[in-house]
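One structure is given here, and the rest of the page talks about it.
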Amino acid sequence: MAATSRAARPDGADPGEGGSVSDTPELSGRVVLVGAHGHGRWHLQNLRRLAATTGVRLVGVCDRRALHGDLLDLAGDVPVSPSLPDLVAETAPDVTIVCTPIHTHTDLALAAVGAGSHVLLEKPPAPTLAEYRRLVSGIDASGMACQIGFQSLGSEAIDRVRALVADGAIGDVRGIGGACAWVRDASYYGRATWAGRRTMDGVPVVDGALTNPFAHAVATALALAGASGPGSLRSVEVELYRANPIEADDTSCLRLRTADDVVITIAATLAAERPRTPRLVVHGSAGRISLDYKTGTVRLQAGDVDETTVHPSTDLLENLLAHVRDPGVGLLVPPRATHSFMEVVEAVRCAPDPAEITAGHRHAEGDGDTARQVVPGIDDLVDDAAETLRLFSELAAPWARSGTTRLTDAAGAR
């Protein structure tokens, strides 16, 4: 497994509570948020936190819907506009946070950098590889900075895992597995018109389990393998299924093979029997390393050693603002660091539509907005895939079928 260096933490500061650098008095910046609803609420809360301890402040919100309740309280008296060009012209932000539907990311990010604003762009960066390349090209031409919002990649836990592997703590790496099991009900898919869609009005959306809710698992596994950038992957195998009445996958698995011949298998479901925290496991010839990427918890099990450590994380907005102030501070997640992830998105987009998990292999619980589909045995199946690095069809799931393999550009295929 190749080791790669990560950007230095801003000013070498120690992380504050929650793993972010929150007490840096030099940190400042004017910020506009595009998309206040949904995950945008988290960004408003984060901006409120930063405003209390630094010079960072929200100066405007771009949203087609009016703000009400706690959103209005969090935003305060800043201008709210449905037009990003108008709002940027009025507020002159240093950074624009784009937290909107996936298929709108590229145009909004390019509009922001074109107006002279740096960008924090939520994941996934784009719905297609072609849109991602247009995004990267436009950002490069603008001379502005862009950070992609994979917050897990700001965690020092990644360095810890890489160091353990480099030191031979688990022997030779034989692969990385990911087990992801969450519960999502009808309200999750009813929250927006694009939720659970592969396309909308002919435009790719690709809102599936692997590409959105568990995108962090995929991106973090790639980072652990040192296989994030162009030319890092040889092939991508995907199997897509759906228990819910949606277009996209809610239960799926993939297997990646890196240029260094590391195998990565991620198994995921939103129709779990019981929800739990996603985990990644680096399997070695002499032990294993488990990573809870949401909390930065690393567990080493090798021989007589069973050691758990917890690692802080740098907030990506803070890192971006530190980079803007001092270009010597590297970005933690520049767009090119998500190239391999976008090859996964492309493989999912180009795969056949997800196969339905039929009524005989699932059942409904709850009703109305809380109704959810459950696939019996899926929790154990997800674990088995992560442990054995095999796909659902290879584990003889009764509803599974063989998936599709996409050779990456590095392998000479389009």
Side-chain angles (χ1 to χ4, degrees), residues 16-20 22 27-109 111-112 115 117-125 147-151 154 182 184-197 200 205 207 212-213 215-216 294 313 315-318 320-321 368-370:
E17 183 179 359
S20 64
S22 58
L27 194 67
S28 63
R30 298 166 57 82
V31 179
V32 157
L33 173 64
V34 189
H37 294 81
H39 186 57
R41 176 181 280 101
W42 182 90
H43 284 289
L44 287 173
Q45 293 168 337
N46 194 42
L47 286 163
R48 174 70 63 89
R49 175 186 68 84
L50 288 172
T53 55
T54 72
V56 176
R57 61 193 181 98
L58 179 70
V59 297
V61 172
C62 178
D63 204 302
R64 293 182 177 180
R65 290 183 285 170
L67 306 189
H68 299 286
D70 66 326
L71 293 182
L72 188 58
D73 291 339
L74 287 167
D77 59 357
V78 302
V80 179
S81 171
S83 169
L84 180 59
D86 290 348
L87 186 62
V88 170
E90 177 185 354
T91 60
D94 298 298
V95 169
T96 298
I97 300 173
V98 176
C99 184
T100 58
I102 303 164
H103 56 291
T104 67
H105 282 185
T106 301
D107 286 343
L108 288 170
S117 174
H118 305 284
V119 170
L120 173 61
L121 176 61
E122 266 301 338
K123 58 79 184 169
Q147 179 104 280
I148 306 300
F150 282 106
Q151 183 57 51
W182 281 348
R184 292 294 181 266
D185 59 24
S187 66
Y188 177 77
Y189 294 108
R191 75 192 191 281
T193 56
W194 55 271
R197 301 289 295 272
M200 194 166 71
V205 176
D207 181 40
N212 196 5
H216 278 94
K294 292 180 71 66
S313 180
D315 181 87
L316 296 183
L317 176 58
E318 294 182 70
L320 173 57
L321 287 167
D369 286 345
T370 63

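Numbering of residues begins at 1 and proceeds along the displayed sequence.
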Notebook entry, point to check: How long is the span from the CG atom in Leu58 to the CD1 atom in Ile97, to the nearest 0.5 Å?
Noted result: 8.0 Å

Check: For His118, which residues count as a ring-ring contact (aromatic ring centres under 6.0 Å, His included) partner, sequence neighbours excluded?
Finding: none

Notebook entry, point to check: Between Pro101 and Thr104, what is the shortest heavy-atom contact and its length?
Noted result: O-OG1, 2.6 Å

Item checked: Close side-chain approach of Pro79 and Thr91, heavy atoms under 4.5 Å -> yes

Notebook entry, point to check: Minimum heavy-atom separation for Leu44 to Ala36, with atom names?
Noted result: CD1-CB, 4.1 Å

Notebook entry, point to check: Are side-chain heavy atoms of Val88 and Pro93 found at a separation under 4.5 Å?
Noted result: yes

Next item on the list: Enter the distance from Leu316:CG to Gln151:CD here, rounded to the nearest 0.5 Å.
Entry: 4.0 Å

Note to self: Taking the side chain as everything from C-beta on, heavy atoms only, tell me whether Leu47 gets closer than 4.5 Å to Leu317.
What the structure shows: yes

Item checked: Spatial distance of atom CG (Asp369) from atom CZ (Arg191) [nearest 0.5 Å] -> 13.0 Å

Checklist line | Heavy-atom pair with the smallest gap, counting every atom of Val205 and Trp194 | finding: CG1-O, 3.8 Å

Item checked: Over all atoms of both residues, closest heavy-atom pair of Ala215 and Phe150 -> O-CE2, 3.6 Å

Item checked: For Ser28 against Leu321, the heavy-atom pair lying closest together -> O-CD2, 3.7 Å

Check: Which heavy atom of Gly196 sits nearest a heavy atom of Tyr189, and at what distance?
Finding: CA-CD2, 4.0 Å

Notebook entry, point to check: So do His43 and Leu120 actually touch side chain to side chain, heavy atoms under 4.5 Å?
Noted result: yes

Margin query: Can you tell me how far apart SG (Cys99) and CZ (Arg41) are? Round to the nearest 0.5 Å.
Written below: 11.0 Å

Note to self: Working note: Asn212 + Lys123, criterion side-chain contact (heavy atoms from CB on, under 4.5 Å); need CA distance, chi angles, decisive distance, verdict.
What the structure shows: CA-CA 7 Å; Asn212 196 5; Lys123 58 79 184 169; 2.9 Å; yes

Notebook entry, point to check: Is there side-chain contact between Leu67 and His37, with at least one heavy-atom pair below 4.5 Å?
Noted result: yes

Checklist line | Side chains of Val95 and Gln147 in contact at under 4.5 Å (non-hydrogen atoms) | finding: no

Margin query: If I take atom CG from residue Leu108 and atom OG1 from residue Thr100, how far apart are they, to the nearest 0.5 angstrom?
Written below: 4.5 Å

Check: Got a second to check how far Leu121's CG is from Thr96's OG1, nearest 0.5 Å?
Finding: 11.0 Å

Check: Aromatic rings His39 and Trp42: how do their planes relate, parallel, tilted or perpendicular, breaks at 30° and 60°?
Finding: parallel

